[in-house]
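Beneath this line is the structure, given in structure tokens, with notes to follow.
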Amino acid sequence: MPFIPHTKEDTQSMLDVIGAKSIEDLFDEIPVELRAKPLENVPAGRSEMAVNRLVRQRAAEDVQPLCFIGAGAYEHHIPAAVWELTTRGEFYTAYTPYQAEASQGTLQLLYEFQTMMAELTAMDVSNASLYDGASSLAEAVLMAVRANRKSKSKRILVPRTVHPTYLKVVKTITQHQGITLEMLDYDIDGGHLNIDTLPSEPGDFTALIIPQPNFFGVLEDVDALTDWAHAHGALVIGVVNPMAMALITPPGEWGTEEAGIKGADIVCGEGQPLGVPLSSGGPYFGFMCCAQKHVRQMPGRIIGATNDLDGKPGYTLTLQAREQHIRRSKATSNICTNQGLLTTAATIYMSLMGPEGLRRTAANSHANSCTLTKQLNAIDGVETIFSRPGFHEKVLRLNKPVKEVLSALEDRGILGGYDLSAEFPELGNALLVCVTETKTEEDLQHYASSLQEALQETLAEVSA
Amino acid sequence: MPFIPHTKEDTQSMLDVIGAKSIEDLFDEIPVELRAKPLENVPAGRSEMAVNRLVRQRAAEDVQPLCFIGAGAYEHHIPAAVWELTTRGEFYTAYTPYQAEASQGTLQLLYEFQTMMAELTAMDVSNASLYDGASSLAEAVLMAVRANRKSKSKRILVPRTVHPTYLKVVKTITQHQGITLEMLDYDIDGGHLNIDTLPSEPGDFTALIIPQPNFFGVLEDVDALTDWAHAHGALVIGVVNPMAMALITPPGEWGTEEAGIKGADIVCGEGQPLGVPLSSGGPYFGFMCCAQKHVRQMPGRIIGATNDLDGKPGYTLTLQAREQHIRRSKATSNICTNQGLLTTAATIYMSLMGPEGLRRTAANSHANSCTLTKQLNAIDGVETIFSRPGFHEKVLRLNKPVKEVLSALEDRGILGGYDLSAEFPELGNALLVCVTETKTEEDLQHYASSLQEALQETLAEVSA
Amino acid sequence: MSPEFTSGIKSNQLIFEHSATGRTNGAQMVEDVASASEIPEGLLRKTPPMLPEVSEMDAVRHYTRLSQKNFSIDTQFYPLGSCTMKHNPRACNTLALLPGFLGRHPLAPERFGQGVMACLWELQEILKDVTGMTAVSLSPMAGAQGEFAGVAMIRAYHDANNTSGNKSERSEIICPDAAHGTNPATATMCGYKVREIPTNTDGDIDVEALKEVVGPQTAGIMLTNPSTLGVFDRRIKEIAQIVHDAGGLLYYDGANLNAILGKVKPGDMGFDVIHMNLHKTFSTPHGGGGPGAGPVGVSERLKPFMPIPVVGKDVVGKDEGSFRWLTETDLPQSIGRLSAHMGNTGVLIRAYVYALLLGREGMVRTADYATLNANYLMARLAQAGFDMALPSRRATHEFILTLKRQAKDQGVTAMDFATRLLDYGFHAPTTYFPLIVPECLLIEPTETESKETLDAFADVMKTIQEEADANPELLKDAPYTLPVRRLDDVKAARELNLKYSPAKD
Amino acid sequence: MSPEFTSGIKSNQLIFEHSATGRTNGAQMVEDVASASEIPEGLLRKTPPMLPEVSEMDAVRHYTRLSQKNFSIDTQFYPLGSCTMKHNPRACNTLALLPGFLGRHPLAPERFGQGVMACLWELQEILKDVTGMTAVSLSPMAGAQGEFAGVAMIRAYHDANNTSGNKSERSEIICPDAAHGTNPATATMCGYKVREIPTNTDGDIDVEALKEVVGPQTAGIMLTNPSTLGVFDRRIKEIAQIVHDAGGLLYYDGANLNAILGKVKPGDMGFDVIHMNLHKTFSTPHGGGGPGAGPVGVSERLKPFMPIPVVGKDVVGKDEGSFRWLTETDLPQSIGRLSAHMGNTGVLIRAYVYALLLGREGMVRTADYATLNANYLMARLAQAGFDMALPSRRATHEFILTLKRQAKDQGVTAMDFATRLLDYGFHAPTTYFPLIVPECLLIEPTETESKETLDAFADVMKTIQEEADANPELLKDAPYTLPVRRLDDVKAARELNLKYSPAKD
Ligand SMILES: Cc1ncc(COP(=O)(O)O)c(C=O)c1O
Ligand SMILES: Cc1ncc(COP(=O)(O)O)c(C=O)c1O
């Protein structure tokens with residue numbers, strides 16, 4: 001019996017102690033008419049050997065071409081130590097650290113995680129994770145509504161440069177709360193949210209979302225936007241790529257002294273770039289940081305340092321009164337299980353990279369992206385659309401339909417990028433191309449020459 | 001600096017304490033003329049990311065076809081838990097357990113290993129491993145010479161059915177000790193060592209080696225051979241496949257009561273089938289068991305149970321006076337580092353399989369081998385050579401040169417077996433085919449139909 | 001005599017305390033390319049983040065030793081009720097971590113993802129059968145998100161079928177007082193008012209009370225059966241009838257299906273929607289707090305509203321047999337997306353592998369032995385003199401013991417028992433949940449524990465009771481043998497310290 | 001107050017004590033096919049072996065907890081002299097375990113092994129450069145087997161070049177008294193008589209004594225430089241000259257190259273043959289006692305005798321650039337094979353990955369910092385009042401401290417210090433080796449340890465000395481904080497108990 005240790009004798013003597021004749025008897029409180037029919041669509045049990053073979057074949061089917069897709073999920077090198085440590089049984093098979101004394105490993109690690117995330121974003125505090133980047137933005141919106149007590153409008157200003165799927169998730173999750181999401185268009189030249197297009201009249205705004213970098217990979221004018229929001233009584237929700245934070249101004253420092261308040265109020269985002277493999281989309285982890293004054297509105301687990309009976313330092317879940325298991329229908333969120341193991345990986349990843357390793361990874365990704373863009377711009381029929389600087393993604397306009405070009409690139413062993421034409425038809429044949437530190441000079445050349453060929457080929461096909 | 005934690009300040013303050021100006025000064029006892037020229041053939045250091053990419057490409061090149069080669073290395077399913085546990089840092093990065101109090105994990109595990117190996121072979125005691133199967137046979141020969149004090153001849157009787165590479169290794173390792181290896185031919189019908197061909201005159205024989213199963217996969221007549229050896233004052237060295245022991249009579253029970261003494265004296269072999277992947281040939285592990293009376297002649301580490309100061313049970317290296325670090329030039333062997341981590345894997349493997357799991361694995365391998373043999377015998381131009389029963393390998397004679405047939409099978413995604421024609425030319429186009437429990441019915445059919453095609457194809461080519 | 005076990009590094013140190021400015025883990029350093037930047041000065045970070053500067057060995061040693069400070073299923077019996085801490089088979093982990101799965105970009109074309117999609121599609125089929133539902137979406141990332149999806153579907157359904165034009169007509173979700181906290185919290189997130197109904201002394205829902213609160217304002221009820229009290233509600237059919245008659249829908253909190261796998265299907269009980277915690281019943285690891293996966297199953301009428309993406313299989317045409325994502329286009333009435341991609345795919349693969357290993361017989365066996373273990377341990381503890389919250393009932397996968405008497409007589413609490421258990425090498429059961437049972441321990445042994453372990457646990461409980469009889473203070477100060485003694489939660493909340501700051505010197 | 005930390009299973013239990021007849025780990029059960037047997041009854045096993053019958057969880061829990069009872073580099077500073085316990089980078093392990101490497105049958109055709117053979121060939125090239133030798137064979141499976149190969153080659157060389165017809169003319173191998181035990185043991189296995197020569201008080205070899213023993217009967221000398229005393233023999237060139245002049249060859253025990261990587265090459269010192277311990281200098285893990293790898297490097301004249309297989313690269317012809325095994329055919333004078341295949345291939349891959357990560361600069365840095373750490377720790381301990389065996393010398397990668405004075409004055413031995421260190425979370429240094437220094441600790445910190453750790457170690461040594469001053473008995477009874485107290489080795493050897501037998505009841 002897979003995973004069941006009972007011998008026949010065990011079973012019998014246990015039934016004797018219970019005073020039951022058979023295991024079947026133990027189900028006698030279930031009305032007979034409800035008893036289930038056999039599970040016909042569950043296959044018969046297989047040995048580990050058989051399952052192993054099947055699933056390895058499946059995985060082998062999915063070996064991937066060279067990947068230049070980003071759009072919210074980024075391929076970075078992950079040190080081997082990260083997952084060798086993360087999958088140690090004591091991390092992997094522990095529960096949420098409710099019983100603090102028996103969970104100091106997880107708790108101290110999460111305290112370290114919180115410290116690192118707060119440092120990376122230059123914010124006061126961090127929670128211990130949310131589900132993913134998209135849902136963390138939804139939680140940030142809900143949190144902003146709770147936190148901005150002065151604002152009654154529940155109006156959230158949302159640039160169109162926020163990841164389109166994130167927007168969908170925000171809608172799904174916040175739609176029952178009377179919240180208005182007001183879309184702000186982007187600057188067609190810069191690819192950013194132009195400060196001049198923000199409402200000039202005063203008004204009750206609950207929060208402004210600022211993506212950095214934005215979905216186009218473009219860097220937003222964060223200081224001006226932050227100042228604008230604070231001047232209008234709106235909270236600033238930063239949604240950032242944590243890897244980029246090693247290189248560019250973190251949200252805790254957004255804005256200028258003149259505005260009186262500096263820094264974003266809430267920062268969230270997708271933690272995947274920090275040591276989590278692409279994995280077909282998950283598990284990743286969402287993170288959330290905020291200014292100290294908002295900490296009681298934060299959703300999710302928070303770990304605090306404390307002392308034990310002997311005065312020795314230790315760690316424990318704290319501010320639990322925000323959470324569903326205490327506050328129930330009045331909790332800040334319904335979240336319970338979060339993405340603990342992924343924060344374990346991220347913490348180990350950041351420890352192994354250190355500030356310099358992380359900075360170089362970010363800088364290298366940026367430089368590779370610049371190099372490739374330059375090479376691609378030299379190709380006939382390819383041009384960079386936006387003028388503003390970016391991090392490690394660029395939007396290119398092609399003189400051919402993106403879908404066909406991508407398919408031609410696939411034939412050359414390349415996943416060429418993310419096709420923007422459906423979601424941003426106004427940009428024409430627009431392709432979002434990401435390059436990280438994982439790509440070599442040869443990879444970039446291979447991309448460039450393949451794109452050149454692909455464009456010619458589609459041309460040939462079209463004219464044929 | 002990869003793997004070096006020193007900061008500049010650390011280095012300086014350490015030099016200050018030493019009283020040296022530079023690290024270079026610390027090498028001032030090395031004569032200047034000996035100082036090395038730069039390491040030109042060592043490539044420049046690369047990041048883990050770069051090495052990762054290179055080595056993954058190399059590994060990807062080596063993805064293997066369906067494997068029907070055995071000949072001493074056997075593909076069995078290895079439960080996932082085996083290597084997840086074996087590579088835990090505390091096992092993986094510990095040293096030989098010299099400091100017993102700090103090594104109870106490894107020591108207890110090895111004590112369990114010794115128990116399991118003694119059980120599997122039905123011998124009194126086991127050591128904690130030797131290098132591999134081949135070298136363990138060499139050590140067994142040397143041990144037999146030490147252990148059989150009555151015999152002065154140093155004559156070792158060696159059937160030709162012992163693995164040919166093992167024989168080469170035995171020669172390499174024992175050649176400096178005045179030992180004579182006397183070869184015994186095999187029975188051309190049975191593929192076994194025929195008792196009738198053993199020397200009938202009395203004589204001084206130090207030991208007889210009995211392989212079970214032998215290199216042809218054939219089961220030897222172990223009882224008769226053991227009795228013969230003991231009747232002639234020779235020790236019996238069994239060299240066995242430990243997986244087969246789950247199914248067939250273990251060496252501790254070889255022989256008949258009539259002979260007075262029952263059982264082999266020394267048993268050795270390759271431990272690889274017990275949870276060790278094929279891995280291009282290593283690391284595997286050799287094992288060795290023996291009768292209690294010979295334990296002081298055994299090479300390698302041995303773990304014993306004992307008590308601590310408080311009377312609590314514990315484990316420690318014992319009988320160290322046999323070993324090189326104590327006995328130096330008079331040690332039983334020069335072996336020091338052995339194959340500890342592999343015995344860790346084997347111990348966990350045997351724990352997960354249990355007696356029934358192991359028996360089924362062995363029985364299934366045997367049954368699969370029988371099934372395939374039957375199917376292949378039905379093909380024109382294929383016949384089983386030997387009449388005696390085997391374990392999970394069979395020798396087939398083909399009506400075409402083996403090399404060509406194997407190459408045609410490779411084109412069909414099959415590694416068809418081990419070509420015997422060079423080492424056993426008297427057998428003609430002989431092929432040694434192994435089937436383990438890992439092969440499905442479809443695999444067997446695929447082999448059969450591919451062989452049929454391959455034979456036709458080579459025929460066609462020859463006639464073309 | 002017994003110095004602090006320091007490991008050559010002080011055992012309480014944070015990773016930051018191993019850090020030294022300028023120390024690097026050189027193997028992870030890619031080329032320094034500061035020059036190539038097109039980022040204007042004003043957008044560049046001025047001061048680097050204070051991340052640890054350590055060597056690979058420092059990190060390996062630190063996190064290896066940290067891990068050893070945890071209790072886990074791999075090292076301890078962990079009978080945390082409602083959490084289903086059962087063995088996590090290693091094959092699930094090994095296979096989910098295959099490079100083919102890990103390396104796949106979520107937005108890679110479907111033709112490069114047929115392997116993983118085949119696994120997910122088959123998992124959908126398996127979960128449909130197990131729950132007795134018509135369709136399954138795998139996208140929710142944990143139980144609570146599954147609940148959200150479920151209640152949002154109920155809402156979407158009412159909205160779609162509301163003819164009065166008054167969309168907020170059905171404004172209430174009913175929850176039993178014993179419900180898990182995520183249930184009411186979810187109802188609130190979906191914009192509902194929560195109506196609580198009481199539980200009878202026999203552990204079943206107070207049906208009379210239910211009849212009173214149910215009405216045209218009822219959007220639905222959130223139940224779990226077996227309930228969080230560890231008993232199977234025998235009047236479930238009647239309850240379903242009452243709610244359905246009032247036009248409400250039934251939500252099944254399927255966090256814990258261990259005791260009913262193959263025994264009874266939520267669909268057959270009359271439920272319209274269910275979420276499952278694959279990280280409980282389907283044995284994906286808890287990872288110290290996630291990730292989980294909370295797929296939702298729905299009856300025919302909720303199918304159009306399922307969260308996307310769902311894996312579809314083409315049954316005709318040139319792509320017959322191939323898999324693709326069903327999106328907004330296929331399910332225009334969907335409640336929408338809950339995550340940036342397909343939820344926690346890696347968790348889903350683990351659950352899939354687990355389901356294949358168990359097979360249909362294994363599912364039923366899980367229910368059999370989870371139930372046997374719970375009833376046995378309950379019997380053993382009752383024999384040992386402990387009070388059961390519901391002594392007359394069968395246990396399901398779990399049961400509740402109350403220490404009300406001990407609290408009153410000896411002043412020892414459920415928490416005292418719990419922490420003292422740690423000294424004996426057992427993780428504590430769930431304490432103080434469900435909220436309606438005073439000083440309770442909710443105990444769930446799961447099917448993967450042996451009789452020997454259950455016996456040892458029962459013996460230790462008895463020993464602790466004897467300790468409480470002899471010297472209650474002993475329990476109050478427990479644990480004694482763990483890396484820390486009893487921690488001060490009040491201080492943690494009052495003097496918030498949520499991140500490390502280097503001591504100024 | 002502090003009950004035995006039991007983990008719900010008695011912590012001292014053997015896996016056999018978790019076993020119950022009929023318990024199985026079902027996921028590992030393949031079909032039962034007893035019927036298909038063609039094996040005659042008489043050859044079938046009658047009683048099954050007493051292997052454990054446990055569930056997967058039992059096994060996982062048992063071995064996880066066992067592992068936690070070990071000290072290891074991943075958890076402790078482990079300054080075991082002559083053993084080079086340095087960090088084992090994780091990339092080496094992860095990459096060596098790739099399915100492409102693990103799945104390859106050793107007898108699979110070469111065309112299915114070009115990936116692994118490319119790695120091995122490059123490793124050969126790297127090791128040639130590092131040692132200054134002409135050729136390298138990777139096949140020996142540990143240091144001692146490398147020694148065997150080396151001495152066997154010396155013998156084969158003399159045999160091949162012997163014109164007198166009297167093959168046993170050169171019958172002696174010279175070893176210094178400080179040599180590692182494997183050296184004399186190896187010489188014996190190769191049929192040689194061992195002549196021991198003494199060491200001077202300054203740690204160098206007694207050259208005058210050498211001159212006396214060397215002669216026409218000398219086959220060679222086995223040396224290591226830096227020696228096991230942790231010093232570099234300054235007269236090595238002279239020694240080489242003496243031995244070569246007598247017609248003998250020089251064997252270099254390269255178990256520990258940490259201090260000379262890129263600094264000085266054994267080939268340049270005049271050695272004819274060397275073995276290396278990749279499981280030391282090249283950081284492959286020790287695995288609780290192996291596997292290792294002991295490649296041998298040779299000078300031109302020993303090349304024909306190298307153990308096979310060696311990886312060759314075709315430089316011309318249709319297979320140009322492809323790799324193949326060089327065997328008996330290519331090296332007809334080879335001493336032969338040492339293993340059934342290519343030695344410990346997986347270990348070789350780890351070493352290869354490590355070498356790539358370090359690169360040539362990293363090699364030199366290893367020597368730099370291994371030497372810095374040893375000299376620093378020696379200085380710190382000298383400052384703390386400990387006696388160095390060779391106070392006037394530079395340390396290399398290791399150094400020796402002698403507790404002769406403490407043994408005499410306070411009755412505390414090197415072993416007492418060693419076991420007491422365990423209580424402070426440090427693994428003990430090597431004790432009582434080399435044999436010529438009384439009450440010695442051979443200390444090798446390695447380059448991967450930080451100054452902080454070395455400082456902590458020096459401080460603890462001082463603390464222990466203070467304990468010894470105050471109360472020597474305290475040390476005698478150490479350790480106190482480990483899973484067991486001091487173990488009785490005498491009992492272990494006298495009342496041999498080498499396997500578990502179930503208690504009869
Ligand atoms: C009964 C019940 N419902 C819901 C949940 C919430 O599930 P999750 O933690 O995955 O969000 C849990 C888990 O704790 C539970 O036990
Ligand atoms: C100096 C020296 N020589 C030889 C050896 C033997 O190496 P191995 O243990 O790999 O056989 C060792 C290892 O202990 C050693 O330190």
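Labels below follow one simple rule: chain letters A, B, ... track the order of the sequence lines, proteins then strands, and each chain is numbered from 1. Excluded from the calculations below are hydrogen atoms, water molecules and symmetry mates; all remaining heavy atoms, backbone and side chain alike, are included.
Residues satisfying the salt bridge (charged side-chain N to carboxylate O under 4.0 Å, His left out) test with D/Glu447, not counting sequence neighbours, are D/Lys86.
Of all heavy-atom pairs between D/Gly292 and B/Gln339, the closest is N-OE1, 4.4 Å. When every heavy atom of D/Met269 is checked against every heavy atom of B/Leu34, the shortest pair comes out as CA-CD2, 3.9 Å. Smallest separation of non-hydrogen atoms from D/Glu31 and B/Asn364: O-ND2, 2.7 Å. Taking every heavy atom of both residues into account, B/Ala100 and D/Leu487 meet most closely at CB-CD1, 3.6 Å. Across D/Asn70 and B/Ala94, no two heavy atoms sit closer than the pair ND2-CB, 4.1 Å. Here the shortest heavy-atom pairing between D/Arg45 and B/Leu120 reads NH1-O, 2.7 Å.
Considering only heavy atoms from C-beta on, B/Cys67 stays 4.5 Å or farther from D/Phe112 through its side chain. Contact of the B/Phe27 side chain with the D/Asp368 side chain is registered, since non-hydrogen atoms from C-beta on lie closer than 4.5 Å. Residues B/Ser135 and D/Met141 meet the side-chain proximity criterion, which asks for heavy atoms closer than 4.5 Å. Contact annotation: the side chain of D/Gln28 approaches that of B/His77 to within less than 4.5 Å [non-hydrogen atoms, C-beta and beyond]. Contact annotation: the side chain of D/Val116 approaches that of B/Ser280 to within less than 4.5 Å [non-hydrogen atoms, C-beta and beyond]. For the pair B/Asp62/D/Leu98, no side-chain contact is recorded, criterion being any heavy-atom separation below 4.5 Å from C-beta on. Counting only heavy atoms from C-beta outward, the side chains of B/Glu356 and D/Glu53 never approach each other to under 4.5 Å. With contacts defined as side-chain heavy-atom distances shorter than 4.5 Å, the pair B/Val63/D/Pro99 does not qualify.
Between D/Leu66 and the choices B/Arg88, B/Gln104, B/Gln108, the side chain to side chain contact (heavy atoms under 4.5 Å, CB included) rule is met once, by B/Gln108.
The candidate from D/Pro285, D/Pro48, D/Ala493 with the greatest count of non-hydrogen atom pairs under 4.5 Å with chain B is D/Pro285. When each of D/Ala355, D/Gly362, D/Gly262 is scored by its heavy-atom pairs under 4.5 Å with chain B, the top score falls to D/Gly262. Annotation: maximal heavy-atom pairing with chain B below 4.5 Å, among D/Leu80, D/Thr64, D/Ile349, D/Val54, occurs at D/Thr64. Per-residue counts of heavy-atom pairs under 4.5 Å with chain D were compared for B/Asp223, B/Asn307, B/Leu15, B/Leu415; the largest is that of B/Asn307. Of the listed residues D/Leu102, D/Val194, D/Thr188, D/Ile126, the one with more heavy-atom pairs under 4.5 angstrom with chain B than any other is D/Leu102. Interface remark: of the candidates D/Thr24, D/Thr345, D/Val231, D/Val60, D/Thr345 forms the most heavy-atom pairs closer than 4.5 Å to chain B.
For B/Glu253, the part lying under 4.5 angstrom from a heavy atom of chain D is the side chain only. Using a 4.5 Å cut-off between heavy atoms, D/His427 contacts chain B through its side chain alone, with no backbone atom that close. For B/His163, no part sits under 4.5 Å from any heavy atom of chain D, backbone or side chain. Heavy-atom distances place the side chain of B/Gln177, and not its backbone, under 4.5 Å from chain D. Contacts between B/Tyr166 and chain D at a heavy-atom distance below 4.5 Å involve the side chain alone, from C-beta outward. Proximity to chain D is absent for every atom of B/Ile326, based on heavy atoms less than 4.5 angstrom apart. Both the backbone and the side chain of B/Tyr315 come within contact range of chain D, judged by heavy atoms closer than 4.5 Å. Heavy-atom distances place the side chain of D/Glu361, and not its backbone, under 4.5 Å from chain B. At a 4.5 Å heavy-atom cutoff, the contact between D/Met363 and chain B is made by side-chain atoms alone. Of the atoms belonging to D/Arg393, heavy atoms from both backbone and side chain fall under 4.5 Å from chain B. At a 4.5 Å heavy-atom cutoff, the contact between B/Ala305 and chain D is made by backbone and side-chain atoms alike. Neither the backbone nor the side chain of B/Leu406 comes within contact range of chain D, judged by heavy atoms closer than 4.5 Å. Interface remark: B/Ser279 contributes backbone and side-chain atoms alike to the contact with chain D (heavy atom separation under 4.5 Å).
Judged by distance alone, the side chains of B/Thr306 and D/Asp488 never bring a donor and an acceptor atom under 3.5 Å apart.
Less than 6.0 angstrom separates the ring centroid of B/His6 from the ring centroid of D/Tyr369.
Judged by distance alone, the side chain of D/Glu38 and the main-chain N or O of B/Cys370 form no donor-acceptor pair under 3.5 Å. Looking at B/Asn334, its side chain never comes within 3.5 Å of a backbone N or O of D/Ala185 through a donor-acceptor pair.
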* **D/Met189/B/His176 under side-chain contact (heavy atoms from CB on, under 4.5 Å): CA gap, chis, key distance, verdict** => CA-CA 7 Å; D/Met189 277 186 86; B/His176 312 296; over 6 Å; no
>> Walk me through whether B/Tyr92 and D/Asp74 qualify under side-chain contact (heavy atoms from CB on, under 4.5 Å).
In response: CA-CA 9 Å; B/Tyr92 184 77; D/Asp74 273 12; 5.7 Å; no
